Amino acid sequence: MAKCTIDGKEVEFTPGENLIKVAKRAGVDIPVFCYHPGLTVVAQCRMCYVEVEKMPKLQTACSTNAAEGMVVKTTSEAVKKGREGTMEFLLLNHPLDCPICDKAGECDLQDNSFGSGSAYMRHSEERRTYVDVDMGDVIQKNMNRCIHCTRCIRFGDEIAGIHEMVAIKRGNNIDITTIDGKQLQTEYAGNYSDICPTGSLTLKDFRFKKRAWMLKKTDTVCEGCSKGCNMEIQHEGNAIYRCVPRENLEINKYWMCDEGRFNYHYTQDPARILNPVQKVGAAWSKITWDQGLSALKSETNAVNTLFLLGTDLTLEEMSAIRETVTRNHKNAKLLSFGTHGVETSAQDKSQDQILKMKSKTSNLMGAEKLGIEALQGKAKADVVVVFRGGRAQLPAIESKKTIGVGVFLEKEVTSFDVILPGLAFTEKDGTVINHQGKEQRLKRAVLPREKCKAIPEVLMLLLNQKTREVLA
Amino acid sequence: MEKQLSNKFYEAMKKLEPRYPNKKALILPALHEAQKEWGWLPKEVLAEIGEYIGVHAAQIREVASFYTMYNLNPVGKNHLRICTNVACCLRGADDLMSYAERKLGIKCGETTSDGMFTLSEEECLGACTTAPAMMANDDYVENLDINSLNAYIEKVKNER
Ligand code: SF4
Ligand code: SF4
Ligand code: FES
């Protein structure tokens, strides 16, 4: 294999790899702004200077491919001076408003300035200023902080398939904006905020809510559709503040869609049912778990019971339900539900050729692998029991009694009789299988709220009257 | 959308097409040609060029706004662009600019109310050897001083 030397260390590389990637493998971090592994290389920001032996001038590592025998230095005096110069230029117009900037703490500009910049500034001229631009529901742009790396422009053009961000004018007068100040149209706009190396493209949903360094991070998987994008839930004090994509080159690369990014909101919706409740007239009234479970037990002894299981549940939950139903309800039927019109994985196609899939639940494939058939059309039985993770689209139900176990919002269950509250995907561990057949793990980010219980626990209590009396 | 550009424009483009490796390379000549027709480049025209070349109108806007010779706003009959870059600046371009502003009664970037003159600042016309210089529509006027600038403006005024 071909080899080159970086800061005295020999590293192997595959031809075509640039120096940033190769250096990373040698444990050397080269500061970058315009370079992003998921976008084309433009070598615009000049932050990634390195010295390459036998080359007369500093080279930009992002646009220089490693070559056999190449000797690269990333810490020489020339490199230090070059990077310091770049930083000085990039900060000429920067407002240095980190204390009120959402990016602070996770900002490339801050980090690179700290790592490669000078602590002193020679510039005393006036800075150019712009007013903020409202770019629609997702993004608000603060042009003062922008360093014209054009990552956002390239993201739109190359990944989201829409050239909606533009660079108008040039030099000191440049403005990175949407064409004619239009609102962003892509359904992947949240990524603009992730890839912006400064606090220029801020996520409206997160703006001013939390300092980045206070957030705890949990690696999990999005439940928004069968793509299974890898994501991180960022939370503090048992509340979720935002979700961001995690790199997985085989699934979502570096991106996620807005639907998935903001999906977690329903788990914190004030209308979510968090206590066992029973319908009295038109209103809900609280009951104990014991009462709720007794209702579930006595109703499901009826002859004609249909169990429905959402394809938004984990494999573990699904098999526990299947086990209980086949053992204790020999005559009952168990069917799955998830997305109207996408009952089987064969119908589950790409929705937009980017990431989104047609199945709006995360585990359609899992239900199929467990051999659970899909409900077609209306759910019809004397008693219907609905197990749901929170996202599966409820089918039309025709029954004398309907019992829900899992996550429901009040407005979704006006026709239900009893609800036993369960855990949302942010509150539990488990396994889901995405549309490619990849098994992935959900991880608990926040603790269950109020009286919510996991489905396996509910089933266990259902079978075990004694424990129930002690617990409930 | 109604066509903004004439057949003449499209004929000119047809002739140019074989000269370039791809259609994208036609953006600059297309902008020139369109500006010849319109005097400036309204949004709709940029969109039409984008459609013709096969790129998003936004990209056309990016290119057109990068170069100062494309006018994104209407300009007067005589567009005076005074270079204020290093060489011209050292040879008195700032004085020329403020003289022109006073003479025409407008600020840099504005157009006189009779539509006769637009005054702009230019970043380097590449005429450093004959600094200070300005461009008046498509012509260079070089080795300027206040007298010759005054004379030039008077001359153009009387030509109307
Ligand atoms: S807004 Fe952010 S991503 Fe876009 S050019 Fe500016 S700094 Fe780069
Ligand atoms: S594409 Fe699907 S899995 Fe990925 S972020 Fe969007 S909803 Fe979630
Ligand atoms: S990261 Fe290499 S020039 Fe910007």
Side-chain angles (χ1 to χ4, degrees), chain A residues 34 39-40 42-45 89 92-93 125-126 128 130 133 135-136 139 141 143 146-189 192 200-201 352-354, chain B residues 1 4 22-24 27-28 30-31 35 40-75 81-89 94 97 107-110 118-126:
Chain A
C34 67
L39 304 173
T40 51
V42 289
Q44 262 172 344
C45 71
F89 272 125
L92 280 186
N93 278 302
E125 280 78 19
E126 203 173 305
R128 55 166 203 209
Y130 302 78
V133 183
M135 294 193 165
I139 299 288
K141 163 109 195 174
M143 183 62 205
C146 175
I147 57 164
H148 336 132
C149 70
T150 71
R151 272 189 189 183
C152 52
I153 300 177
R154 281 173 284 143
F155 170 80
D157 197 20
E158 295 164 16
I159 308 297
I162 172 166
H163 193 117
E164 53 186 348
M165 297 286 301
V166 288
I168 300 290
K169 307 208 203 112
R170 69 174 181 205
N172 201 48
N173 298 323
I174 202 166
D175 192 1
I176 308 277
T177 180
T178 51
I179 178 160
D180 297 329
K182 273 197 211 136
Q183 312 234 309
L184 293 170
Q185 285 161 40
T186 175
E187 292 171 347
Y188 293 79
Y192 282 125
S200 183
L201 295 169
D352 57 6
Q353 315 300 328
I354 305 174
Chain B
M1 200 176 64
Q4 309 287 330
N22 56 40
K23 239 179 155 187
K24 249 190 180 173
I27 296 180
L28 295 183
L31 286 168
Q35 184 158 304
W40 65 294
L41 297 165
K43 264 204 307 229
E44 296 74 24
V45 168
L46 295 180
E48 192 173 321
I49 295 176
E51 213 172 288
Y52 161 67
I53 307 254
V55 300
H56 197 283
Q59 270 166 289
I60 305 288
R61 171 74 64 95
E62 289 183 315
V63 174
S65 66
F66 184 89
Y67 295 102
T68 46
M69 69 262 203
Y70 298 122
N71 306 319
L72 295 177
N73 291 303
V75 291
R81 288 181 278 198
I82 301 177
C83 174
T84 54
N85 220 307
V86 181
C88 292
C89 182
D94 284 349
M97 180 58 88
K107 286 270 171 239
C108 172
E110 292 177 351
T118 298
L119 190 58
S120 320
E121 190 178 42
E122 189 63 59
E123 301 287 346
C124 198
L125 291 172

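Lettering follows sequence order; numbering is per chain, from 1. As the structure is a prediction and not an experimental result, all values here were calculated from the model.
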- Below 4.5 Å from any heavy atom of chain B, which atoms of I162(A) appear? Answer side chain, backbone, both or neither.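 Contact with chain B involves no heavy atom of I162(A) at all.
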
- Task: Answer yes if the side chains of S65(B) and R61(B) hold a donor-acceptor pair under 3.5 Å, and no otherwise.
- Result: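 Judged by distance alone, the side chains do not pair up.
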
- Message: Rounded at 0.5 Å granularity, tell me how far CG in D175(A) sits from SG in C146(A).
- Response: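 Between D175(A) CG and C146(A) SG, I get 8.0 Å after rounding to 0.5 Å.
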
- Between N173(A) and I168(A), does a side-chain contact (heavy atoms from CB on, under 4.5 Å) hold up when you go through it step by step? CA-CA 8 Å; N173(A) 298 323; I168(A) 300 290; over 6 Å; no

- Item | Minimum heavy-atom distance Y130(A)-N172(A), with the two atoms named | OH-O, 4.0 Å

- Task: Specify which of E164(A), K169(A), H163(A) makes the most heavy-atom pairs with chain B at under 4.5 Å.
- Result: H163(A)

- Hey, which of D157(A), I179(A), D180(A) has the most heavy atom pairs under 4.5 Å with chain B? D180(A)

